[in-house]
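In what follows, a structure is listed as structure tokens, so that the remarks can point back to it.
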2 protein chains.
Amino acid sequence: MNIKEVAKLAKVSTATVSRTINGSDKVTPETAERVRRAIETLKFYPNTYARALGSGRSSLYGLIISDLTNPFFPELVKSFEEIAVQHGQEVLIANTNYDPHRMEVCVSRMLQRKVDGVAIMTSEMTEHLVEELAVRRIPLAFLDTAIPQKGVSNILVDYAVGIDAAVEHLTSLGHRAISFIAGPVSLTSARIRKRAFIHCLERNRIKLDPHFMEEGNHRTDGGYEAMCRLLDLKVRPTAVLTSNDMTAIGAMVAISERGLEIPKDISIIGFDDIELSSFTKPPLTTVRLSRQEIAKMAFRALYNTYQSGAAKGAQYPIETSLIVRQSTGPKPATKR
Amino acid sequence: MNIKEVAKLAKVSTATVSRTINGSDKVTPETAERVRRAIETLKFYPNTYARALGSGRSSLYGLIISDLTNPFFPELVKSFEEIAVQHGQEVLIANTNYDPHRMEVCVSRMLQRKVDGVAIMTSEMTEHLVEELAVRRIPLAFLDTAIPQKGVSNILVDYAVGIDAAVEHLTSLGHRAISFIAGPVSLTSARIRKRAFIHCLERNRIKLDPHFMEEGNHRTDGGYEAMCRLLDLKVRPTAVLTSNDMTAIGAMVAISERGLEIPKDISIIGFDDIELSSFTKPPLTTVRLSRQEIAKMAFRALYNTYQSGAAKGAQYPIETSLIVRQSTGPKPATKR
DNA sequence: AATTGTAAGCGCTTACAATT
DNA sequence: AATTGTAAGCGCTTACAATT
């Protein structure tokens, strides 16, 4: 089944069939209708590979992430794919597994499939691999880690807004002894979040007790253990911010186990707003970083750049915002 | 950059370059080496579309799932992709979002990309769409829902083994009052799990109190609410099996909130063994359904069928097994 | 017999030509 | 001027022919 048979049935040339499929305006409605009927009758699906070869565009975008089993990514991938399909594009997904070596394989896969753009939502990227893509004028979109330039866009997350709101929320509730459980220092995004928190305290002129800075691993067990250490302090924090929701969920378990109540005895705020966060007990107050928004921006960045012939990339800002649920409350009256 | 330039640099014909790339044995090692050096020098990446068009095989497999944000799927997708890439294939992922209508779009995407096979890991499949694929002799692999036939394989999960082990584990601990929190009846896989539980009790001659059959939604909130209803019963179960781990996690929250201890007061067992399960407090005893295993089998089914020229499909069995952690213990001594 | 080359073919797109 | 058709071209693969 190919375009020739459609052409024969519709009594037109293959060019006209092609034009109809691609929505060209130089086909009379009647001809187009005849072609469409032929396509319908024959259940014809145009061969993407021939199209790609003929036109030079693959209608495929690459999406490089760290690890699909990290709850941050599925929603991002799903949204990206949804938008892409709406625009008649497909998505090639690649996991780096946090391993810069695997990045090499990812890029090679992208190159072989001649992607029309790559969204790099991870930080395991080396200079020379970026070069390999840039040389071929493939539009690129990074998350937080790039400076916009020809063909290269950057999604810039404004962590400060959300973290500011979180800290302000806590101070307005009377909290001063605020702790932060960071993510693994090896993760760029975790380092950025931590830095944003420290800056925020400085701006708000709140003294940061070094004992209150803990480190987790962005998983529940890391959050649990870090929280245990905080609870063992002679002077405990009355509120805890965490680098992601999984950490907060682990911390909540530690708090309950000690027989303490959230938020009566201690307040806790997560980061990301994963789906699970509204289903914890109590529902988690958290800083939302919309994965849909990231996906939308990344796609738009690539799509725009591609359409305009690899013009110069841009900065795409994304806000973070505080979602107040029930894990935060007034600072406990009694000094503990 | 194309195969011609490589051929020129290596001083061979394009056919020889092609043969080298595809690992044909009719190229002398010296020639092959020369070609490889030329490829290296020119940083040549063969055009997948031209390859697909020339050879008639796309090296692409379709993977249809319900929803990437359902924690059951990411691990499956990741494993499937990993295996595929190891075999030099790519993966086209499509979400149905539990909507049979979107299945239509998924299938059309698969058809346009001329996939070499489709793994359908969801039950939103209609007869006529299967037909559309079957007519084109595209190998198919289903999860639980198909009868093997020409070109169609089925991954058959043996739920009974794991659920039997779970029930046996509980009875050996003295439990008789065993409850089950099912998934949504609309989900085929949830219905199968529930049925397996009922059969298992029958086989073990344990009376099933109809009040002990609850229904959740495969999310934590559903598990939480179902568990609340169970705790409100005059005669409570001493042990609870759930249709998936998220349900169990929700149920655990409900139990803790009532001031009850797991497993001292009540035992709980999940299903799936998602990553989170080892990080709950206490770690969750659960029935493992290996997503890696499913991915491996599905890929193998498609790969085998394709290689053997769409021969008849087969049944691929997958075991479930009980992972004992710390959420199960002896039946409480006192009658409550 | 083993290795290499020639050239047609895969199924589209699209510049240009032809037709109305 | 608007619509349609012709045919070359995209970059591979592979049957068959040619060469060693």
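A note on names: the letters A, B, ... follow the listed sequences, proteins ahead of strands, and every chain is numbered from 1.
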Original post:
Could B/R37 and B/E33 be called an ion pair, given the rule that one side-chain N must be under 4.0 Å from one carboxylate O?
Top reply: yes
Rounded to the Å, how far apart are [X] [atom1] and [N] [atom2]?
| X | N | atom1 | atom2 | result |
| --- | --- | --- | --- | --- |
| A/R113 | D/dC10 | CZ | P | 22 Å |
| B/R34 | C/dT3 | CZ | C1' | 12 Å |
| A/K114 | D/dC12 | NZ | P | 7 Å |
| B/K8 | D/dG11 | NZ | P | 14 Å |
| A/E30 | D/dA2 | CD | C1' | 13 Å |
| B/I3 | C/dA7 | CD1 | C1' | 14 Å |
| B/I21 | D/dT14 | CD1 | P | 12 Å |
| B/K26 | C/dG5 | NZ | P | 14 Å |

Between [X] and [N], is there a contact of a side-chain N or O with OP1 or OP2 at under 4.0 Å?
| X | N | value |
| --- | --- | --- |
| B/T31 | C/dT4 | yes |
| A/T16 | D/dG5 | yes |
| B/N2 | D/dC12 | no |
| B/T14 | D/dT13 | no |

**OP:** Check A/Q112, A/R113, A/R109 against B/E90 for a side-chain hydrogen bond (donor to acceptor under 3.5 Å, both in side chains) and give me the one that passes.
**Re:** A/R109
**OP:** Give me the one residue out of A/Y61, A/F80, A/Y303 that meets ring pair (Phe, Tyr, Trp, His ring centres under 6.0 Å) with A/H87.
**Re:** A/Y303
Is a side-chain donor-acceptor pair under 3.5 Å present for [Y] with [X]?
| X | Y | value |
| --- | --- | --- |
| B/S24 | B/N22 | no |
| A/Y49 | B/N47 | no |
| B/Y45 | A/E132 | yes |

Original post:
In residues 43-60 of chain B, what residues come within less than 4.0 Å of DNA chain C, judged by heavy atoms?
Top reply: B/L53, B/G54
**OP:** Apply side-chain contact (heavy atoms from CB on, under 4.5 Å) to the pair A/T31 and A/V12, showing each step before the final yes or no.
**Re:** CA-CA 8 Å; A/T31 314; A/V12 294; 3.7 Å; yes
Original post:
In terms of side-chain heavy atoms of B/R19, which of C/dT6, D/dT6, C/dT14 is nearest?
Top reply: C/dT6
Original post:
Taking a pair as Watson-Crick or G-U wobble with both distances under 3.5 Å, which nucleotide is matched to D/dA17?
Top reply: C/dT4
Subject >> Paired nucleotide for C/dG11 [Watson-Crick or G-U wobble; both distances under 3.5 Å] >> reply: D/dC10
Original post:
Base, sugar-phosphate alone, or nothing: which one does A/V17 contact when heavy atoms must sit under 4.0 Å apart?
Top reply: nothing
